[in-house]
Amino acid sequence: MWTCMALLLLSVISASGELQQEDTEPRRLPPPGKLDFGYVPAGVYETLAHYEPGPIGILFHLVHAFLHAVQPNAFPHDLMVKLAKDKFGAIQTEYQKAIYYEIGFLVCAAVGLMFIVLVPIVGLFFCMCRCCDNCGGEMHQRQRKNADCRRGLLGTLLFSTSLVITIGVLCAYAANQNLSSQVKNIRRLVNSNMRDLHTFANDTPTQIDYLISQYATAKNKVIYDLDNIGPLLGGRIQQHLDKEVHPALDQVLNMAGAMRETKEALENVSVSLVVLQEGAGKLNFNLSQVRNRINRTLNDPGCHDEESDATTAQLCNNIRLSLSQLQISANFTRLPNVNPQMEKMNNLQKTNLGAIVYKGFSSLNDTPHVVIEQTRSVVNNVQNLMDGIGNNISSFSKGFPVQTCLSNFTIFISHAHAKIEDYYPEIDKMDFYRWIGCITLCCMVVLVLAFNYLGLLCGTLGYDKHASPTTRGCISNTGGTLLMAGVGFSLIFSWVLMGVVTVLFLAGGNMEKLICEPFQTKELFKVVDTPYLIQPEWRNFIPGYLYNDSHLELTAESLYSTCKQNRGIYSAMRLDKVFNISSFLNTTVFTKDVVGQLDNVKIDLRGIILLEAEGKQNLRDFSEAGLSEINYADYLEEVNKGVTAVDVLSFAKELESQTDLMPRGALQASLKAHVGTLQQIHRQQIVPMEQAMKYVRARTALNQSMRFLERTASDLPNKVIAVLDAIEAAQYLISQNATFLIHRETRKYTATIIGYFHQYIEWVKTSLALEVAPCKPFSNILDTAEIMTCGFLVDSMNTFWMGLGCSTLFLLPSIILAVKLAKYYRRMDTEDVYDDIETIPMKNVPTYDTMNRFPRASAPPRHIDW
């Protein structure tokens with residue numbers, strides 16, 4: 001049977017490594033991240049190995065407290081180990097320790113033996129003494145004044161004692177009934193445990209199949225990642241390359257934008273310059289004509305001949321000197337055009353540098369496709385390898401007779417259950433005899449209690465305080481007689497009861513202290529797990545017996561505790577000694593060959609061209625476009641100048657004011673006409689050039705374009721060289737230095753693929769340790785045995801002897817009190833006689849003369865007076 005169980009457990013472990021072939025159904029793509037293998041289907045075990053005694057548990061706790069008081073010593077671990085090793089031969093040398101441990105039980109047993117021996121002897125002598133009219137046997141009662149008080153006290157004490165005895169016998173009866181009722185639950189507990197064992201055997205194949213089926217989860221995820229090796233591996237490579245390549249290509253794009261903006265700026269300069277040169281030329285021409293005309297007018301004889309006055313001459317001279325101011329300020333006609341630069345830029349724009357850059361981006365973004373094409377054979381080999389692994393592991397796991405072992409185990413359970421069923425009639429029969437015996441013992445006490453209660457009842461109801469001891473009524477006399485009958489039965493039964501109590505006390509008490517309590521505190525397991533206890537050559541007997549390796553850390557306590565937690569039998573039985581699932585899954589081709597194939601991944605990115613030679617030449621031509629040859633200072637200087645050197649309107653007013661000082665005549669009239677001409681030029685030409693949108697835009701465009709061109713031309717060759725150097729560095733990184741990056745990312749990708757297998761392996765190991773074939777039924781069997789032994793039998797037996805023993809002990813005071821109280825209930829043969837009737841407690845005496853007829857004792861009263 002053990003061989004079958006070992007094969008079964010081995011098959012459980014080996015089957016967990018089985019890898020199924022790819023299903024013919026459409027593949028489901030598992031979600032990214034951690035794999036979800038679901039939950040292992042688990043059967044529900046019925047047995048609740050927990051016992052709640054109910055109200056009678058209070059009595060159980062009292063018994064435990066009493067036993068702790070009797071035996072407070074710790075569990076004798078060393079003594080039990082020595083006794084077990086020497087097969088109780090060490091009791092001769094270790095008797096002192098045994099006596100010290102059992103001293104409480106021995107004292108109580110000695111008291112019980114004294115009770116058993118002395119009670120019959122004392123009872124015999126007591127009966128013989130009473131037969132001789134001694135020890136209260138004389139039917140004579142002395143009259144005392146406190147007779148009523150003594151009678152009442154004795155009756156109360158006897159009633160109280162009887163109540164205690166009643167409580168004790170009720171406890172014993174309750175324990176007896178509890179044991180009988182719990183015996184009926186044995187069948188339910190056994191059947192529940194057997195069903196749990198069947199559940200264990202039936203669910204284990206399902207759980208194994210589930211472990212095997214969940215390999216498809218890891219396999220599908222691996223295949224999914226292999227099919228998407230381009231985005232996963234190539235995408236990560238591209239992502240890292242982007243950090244270096246993207247800024248370089250962005251610089252080229254920026255330079256292409258600068259080229260386009262430069263061309264636009266040059267065009268704006270050319271257009272603006274034409275507009276401004278046209279306007280400035282017309283104004284300059286008109287101002288030159290007015291200036292020449294004024295000069296000719298000032299050549300008039302009225303300005304410098306002898307007949308003209310000094311004022312006029314002076315005014316003419318002042319006007320002549322101020323004519324030099326009458327000219328344009330911003331002379332755009334002297335600025336050269338930018339046609340050579342525009343021609344070069346137009347030639348540069350024939351090459352679409354942006355398209356070339358985007359082609360480089362496209363080449364870089366094509367990295368995932370390059371990876372797909374270059375790893376196609378490796379991916380196919382890995383996928384084929386996984387199918388081959390599944391076939392190999394499947395054939396390996398099929399070598400274990402799982403179904404045969406499970407069938408044999410199920411037959412064994414059924415056979416054992418049938419044998420147990422055969423014992424139920426014998427158990428019921430034995431329990432019936434036990435119940436009859438316990439009821440008989442209880443009935444002995446109940447018989448004494450019946451005499452006590454009836455005696456108290458009759459004695460109390462039949463008592464007549466006016467009657468003398470010799471004239472007591474029949475009911476009172478019957479009560480006394482019943483009390484004495486109870487005394488007799490107490491003497492007869494008490495030593496028998498104490499004998500039974502002593503035997504049950506020694507048996508039940510030691511079972512509680514040496515078996516039940518150590519089981520709860522696991523001290524019992526420590527004794528069982530003592531090294532070299534079962535076999536001198538075995539350190540731990542369980543692994544020594546199962547695996548022939550006694551040094552393996554597998555003890556009864558660890559096995560029980562692990563199964564108590566409902567963990568898998570693989571971890572509980574340390575089956576890794578038989579079949580190490582970790583070594584099996586890690587050392588096979590399960591991951592080794594996959595890693596070997598993925599290590600063959602070779603990725604060559606030298607086909608990626610970031611910037612073609614045409615684009616590079618275009619950048620060099622841009623740096624030689626002649627932008628540095630433009631005299632930006634002259635342009636900006638002219639742009640920032642005003643339209644004229646002097647305010648023409650102010651000049652005209654000043655000329656007019658000076659003309660007004662001249663005498664009237666042809667000279668004044670000519671100058672007045674020139675003032676009008678200047679005002680007309682200011683209104684028609686200068687004001688439009690200062691405020692008209694056409695000229696404002698032209699000046700603004702020229703100013704902004706020149707400043708932009710100046711910035712662009714500033715260190716342009718070095719900027720272009722820097723851009724080309726960045727492109728060359730990025731291209732060198734891709735073509736020459738990307739090997740390390742590709743190797744690193746390939747290792748990460750391989751680790752991801754292998755990580756799915758490791759997740760499956762860890763899940764299998766965890767499931768084997770915690771969920772597959774949970775061994776709770778085996779700990780439940782031990783717990784059920786403990787419940788039936790300690791909870792049902794020992795606790796009930798201890799409660800029975802405690803109740804019965806308490807009743808038996810209180811029979812002693814009951815005997816004494818009943819003997820003394822019977823004197824006050826029974827009819828006496830004689831009584832005390834007093835001369836002074838006033839001294840007699842009974843003042844109202846019957847009318848018949850007893851004093852004369854019976855000088856010392858009273859005769860029974862006449863029938864007529866009854």
Side-chain angles (χ1 to χ4, degrees), residues 17-33 35 215-242 245 360 362-396 585-610 731-761:
E18 182 175 346
L19 308 179
Q20 292 182 332
Q21 298 182 13
E22 183 176 0
D23 299 332
T24 57
E25 299 178 357
R27 184 189 310 153
R28 295 184 303 169
L29 298 182
L35 299 180
Y215 171 70
T217 301
K219 180 180 178 181
N220 290 340
K221 182 60 177 174
V222 170
I223 294 177
Y224 173 81
D225 283 4
L226 290 173
D227 291 341
N228 292 273
I229 190 173
L232 294 176
L233 177 57
R236 284 201 290 263
I237 294 174
Q238 177 188 343
Q239 183 180 2
H240 288 284
L241 290 177
D242 277 345
V245 174
S362 177
S363 179
L364 178 64
N365 294 335
D366 199 41
T367 302
H369 181 71
V370 172
V371 172
I372 291 175
E373 293 298 326
Q374 295 182 4
T375 58
R376 190 178 301 278
S377 61
V378 174
V379 170
N380 292 333
N381 292 337
V382 172
Q383 292 179 350
N384 295 331
L385 182 63
M386 292 177 65
D387 294 335
I389 293 171
N391 295 332
N392 294 336
I393 302 302
S394 298
S395 60
F396 176 80
L585 294 178
N586 290 333
T587 57
T588 59
V589 292
F590 190 54
T591 58
K592 179 180 176 181
D593 290 350
V594 173
V595 173
Q597 287 292 334
L598 292 177
D599 286 342
N600 294 328
V601 171
K602 303 296 181 183
I603 300 175
D604 186 3
L605 301 179
R606 285 178 293 181
I608 298 177
I609 304 299
L610 298 180
Q731 186 67 53
Y732 186 80
L733 172 66
I734 295 175
S735 303
Q736 305 297 330
N737 291 347
T739 305
F740 174 76
L741 173 62
I742 294 172
H743 180 67
R744 184 184 66 187
E745 293 303 322
T746 303
R747 289 179 60 187
K748 290 182 179 180
Y749 178 78
T750 303
T752 302
I753 297 296
I754 301 306
Y756 299 137
F757 293 120
H758 288 168
Q759 286 188 48
Y760 177 70
I761 293 173

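Between atom CD1 of residue I237 and atom CG of residue L741 there is a gap of 6.0 Å, rounded to the nearest 0.5 Å. Interatomic distance, Q759 CD to K221 NZ, rounded to the nearest 0.5 Å: 9.5 Å. Residue R747 holds its CZ atom at 13.0 Å from CD1 of I754, rounded to the nearest 0.5 Å.
For residues 734-743, no pair satisfies salt bridge (charged side-chain N to carboxylate O under 4.0 Å, His left out), with sequence neighbours left out. For residues 748-760, the pairs satisfying salt bridge (charged side-chain N to carboxylate O under 4.0 Å, His left out) are E745-K748, with sequence neighbours left out.
The shortest distance between side-chain heavy atoms of Y760 and L35 does not fall below 4.5 Å.
Residues satisfying the side chain to side chain donor-acceptor pair (under 3.5 Å) test with R376, not counting sequence neighbours, are E373. Applying the side-chain contact (heavy atoms from CB on, under 4.5 Å) rule to L232 yields the partners D225, N228, Y749; only residues at least two apart in sequence or on another chain are considered. Listed by chain and residue number, L226, I229, T375, Q383 satisfy the side-chain contact (heavy atoms from CB on, under 4.5 Å) test with V379 (two or more places apart in sequence, or in another chain).
Minimum heavy-atom separation, G235 to P368: N-CG, 4.1 Å.
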